[in-house]
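Some notes on the structure that comes next.
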Amino acid sequence: MTLDQWLLLLTPIWPLLLAALTCIPGGQKHAGTAAVLASLPALWLSQLAYTHLSLPTLLLGSVWQTLPISQTFLLFTALLWLLSALYGLGYLQKDSRAVSFWRLWLLTLSGNLGLLVSADIISFYLFFALMTFAGYGLVIHNRSASALRAGRIYLVMAIMGEMLILSGLFLASAATAHTSILSSDLARAIPESSHAQLILFCLFFGFGVKAGIPLLHLWLPLAHPVAPTPASAVLSGAMIKAGLFAWLGLLPLGEFQSSLWAATLIILGFTAAFGAALLGVLQNAPKAVLAYSSISQMGLMTLTLGCIFLQPSLLLPLLPVLTFFALHHALAKGALFLSTGINAQYQTIPVVLFSLGMLLPVLSLIGLLGSGAHAKLLLKAGLYDLPLSGLILAITLSAAATTSLMLRFLWLLKQQRKQDTAESANTWMQLSWAALVLCSFFAPQWFAPDLFTPLYQQPLAYAELLWVPALTLLISLWLRHHAPRWQIPQGDMVVVFEQASRWLSSVLTATAVSHKVPAPVMSTKAAQAWLARLETLCRSQIAALFGLLLLLANLLVWWF
């Protein structure tokens, strides 16, 4: 094999080997170093040309490869995991569970990198599931009550997504008469299938759980605040992009035109962009605000896919824009998550550097400077030809949502800094944070020179990016003294479900007491056990709801 094929093979296998090393008593003390080294083959591979590797004896005949899209995803994914692992060396240096954290980190990393190089659906699903279920261990790392609660909801949502994904992949494979397991062949066969609508439903909403689309976002604002900061950075920056990558590889983009799906994705995208911002500004934890910000930014990517369904010819010009938008968001959001741990070390960092480090990713995410400005300009330029007059204005106004979230985030960091005692400086944390801040800001020049156009060469277009954040800032300054102090709990709809289940439990208990149920029929222990089972059922009702939706979708397919 050639060097690039060896690197392709090592990209998902190397983290697995290092995870096995951490199971050996002598290798446990090097678990953090192993986590840092694990993403190096993928980072190297992302800089090489197209690579293809066929493994006929693995599974049902695996095919791994890199394409321009996967190379971009590999680049920011490997870079984010690398710098987050360096950050974790300092963050977890006194953690008694550090070895188990790094072991799960390596397994999750293997799944994340493996799905990016898998060209067949068997390998892809295997690595996707590995990333999903190993990531559960990162969420519940500190074993607190809130972490375990977030982990339960994460698992419910994950299993629901896996159910839809498997259904979609089986139906898509049937569309090829089971003659191919290549993702590209399945995507081309979907439009010709008699079950095309059902396949699209399963694949879009199945991977939409990971991408955090509205109603399937419930795990994100719960998992991010409780997970260790390095894990939060990769959850929001890299793992959430796995849903987008799956959409790009498995949906028949450019070959299937549908006004229904275009409208669905555009509506969901704008609902996420603005609705998540409304929920996010009413949060009380910095990492929860960032979680809702990720949902909001993924909404812009979702509506872009909807535009491709509306006009398939937009696929070629918008594909590099989408991948660059994903790169920009991954690095900027990763830097912001890492800044939550640096916030307590402000006394050990020069005030100018500390302020720049906090503001550069914020301004980039808003779209005023750096990679964010380029991402917004490229996105709007690619959509000007669409017959939707209000689309560009709505994307411009989405900057108000991002600005509001970032102002809330910075304010909460300031309040947190007043309450917490200053921490001693940690070199690994500060260096990795600084490196990620620079990478996120200078992404166009360093990682996408073909898309880079200096802002001074397009002054009118850049000026359009300024007025919405400026107006939002003025409104926010006024609301600071006049707005009601409302708050929404993390998880929003999950809290409603839990309150409803508790209310139902109390009603049933009161009913049993008022009717004086005989002890042999309804003993105290039996009643408590029955109510506990009922509460568990109510908490997982969202999975049953989507199972019912899947059944209804099948009935609709057969009816029409």
Side-chain angles (χ1 to χ4, degrees), residues 36 39 43 72-73 75-91 224-225 227-241 280 285-298 324-346 349-350 352-376 402-403 405-410 412-414 416-417 426-448:
V36 174
S39 57
L43 192 60
T72 302
F73 275 79
L75 172 62
F76 71 72
T77 300
L79 186 61
L80 182 57
W81 279 90
L82 170 63
L83 294 176
S84 298
L86 283 171
Y87 183 95
L89 291 179
Y91 186 88
H224 285 6
T229 297
S232 297
V234 296
L235 275 169
S236 181
M239 290 172 60
I240 196 175
K241 305 300 185 303
K287 288 166 67 172
V289 175
L290 293 181
Y292 281 103
S293 173
S294 294
I295 298 169
S296 179
Q297 294 293 304
M298 288 301 296
F324 177 73
F325 201 108
L327 180 148
H328 142 70
H329 177 261
L331 299 180
K333 189 55 62 68
L336 289 175
F337 268 107
L338 296 190
S339 70
T340 61
I342 298 294
N343 188 46
Q345 302 182 16
Y346 70 98
I349 306 174
V352 175
L353 294 180
F354 180 79
S355 300
L356 283 175
M358 289 292 179
L359 288 177
L360 287 182
V362 165
L363 295 175
S364 178
L365 204 66
I366 292 172
L368 294 180
L369 295 173
S371 61
H374 287 273
K376 289 287 181 68
T402 308
T403 304
L405 287 167
M406 292 300 100
L407 289 174
R408 178 65 174 172
F409 170 71
L410 292 174
L412 288 174
L413 280 186
K414 183 179 179 181
Q416 188 181 70
R417 193 171 62 197
N426 185 277
T427 305
W428 288 119
M429 292 174 64
Q430 293 183 2
L431 287 178
S432 56
W433 169 65
L436 195 51
V437 166
L438 293 175
C439 288
S440 68
F441 192 78
F442 293 105
Q445 299 95 309
W446 293 352
F447 307 127

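Here the structure is a predicted model, which means the values were calculated and not measured.
To the nearest 0.5 angstrom, Ser371 atom OG is 8.5 Å from Leu365 atom CG. A distance of 11.5 Å separates CD1 of Ile342 from CG of Leu413, quoted to the nearest 0.5 Å. Atom CD1 of residue Ile366 and atom OG1 of residue Thr403 lie 4.0 Å apart, to the nearest 0.5 angstrom. From Leu338, atom CG reaches atom CG of Leu86 across 10.5 Å, with rounding to the nearest 0.5 Å. Taking CG of Leu331 as the reference point, atom CG of Leu336 lies at 11.0 Å (rounded to 0.5 Å). We find the CH2-CG distance between Trp433 and Leu438 to be 10.0 Å, quoted to the nearest 0.5 Å.
Between Gly357 and Val437, the closest heavy-atom pair is O-CG2, 3.7 Å. Taking each heavy atom of Gly341 and Tyr87 in turn, the nearest pair found is CA-OH, 3.0 Å.
Residues Val362 and Leu407 have side chains not in contact (no heavy-atom distance under 4.5 Å, counting atoms from C-beta outward). In this structure, Phe324 and Thr72 have side chains that are not in contact, with every pair of non-hydrogen atoms separated by 4.5 Å or more. Side-chain contact between Ser293 and Met406: present, with at least one pair of heavy atoms (C-beta onward) separated by less than 4.5 Å. The side-chain heavy atoms of His224 and Leu290, taken from C-beta on, include no pair separated by under 4.5 Å. For the pair Thr340 and Phe409, the minimum side-chain heavy-atom distance is below 4.5 Å.
Taking Ser339 as the reference, nothing meets the side-chain hydrogen bond (donor to acceptor under 3.5 Å, both in side chains) condition, with sequence neighbours excluded. For Phe325, the ring pair (Phe, Tyr, Trp, His ring centres under 6.0 Å) test picks out His328, with sequence neighbours left out. Residues satisfying the side-chain hydrogen bond (donor to acceptor under 3.5 Å, both in side chains) test with Lys376, not counting sequence neighbours, are none. Partners of His329 under the side-chain hydrogen bond (donor to acceptor under 3.5 Å, both in side chains) rule, at least two apart in sequence or in another chain, are Lys241, Lys333.
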**Study point:** Worked verdict on Ile295 versus Ile240 for side chain to side chain contact (heavy atoms under 4.5 Å, CB included)
**Key:** CA-CA 9 Å; Ile295 298 169; Ile240 196 175; 5.6 Å; no
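Pairs of residues two or more places apart, or lying in two chains, never qualify as side chain to side chain donor-acceptor pair (under 3.5 Å) while including a residue from residues 434-446.
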In a table with atom names and distances, give each donor-acceptor pair under 3.5 Å that connects a side chain of residues 75-84 to protein atoms at least two apart or in another chain.
from	atom 1	to	atom 2	distance (Å)
Thr77	OG1	Phe73	O	2.6
Trp81	NE1	Asn112	OD1	3.0
Ser84	OG	Leu80	O	2.8

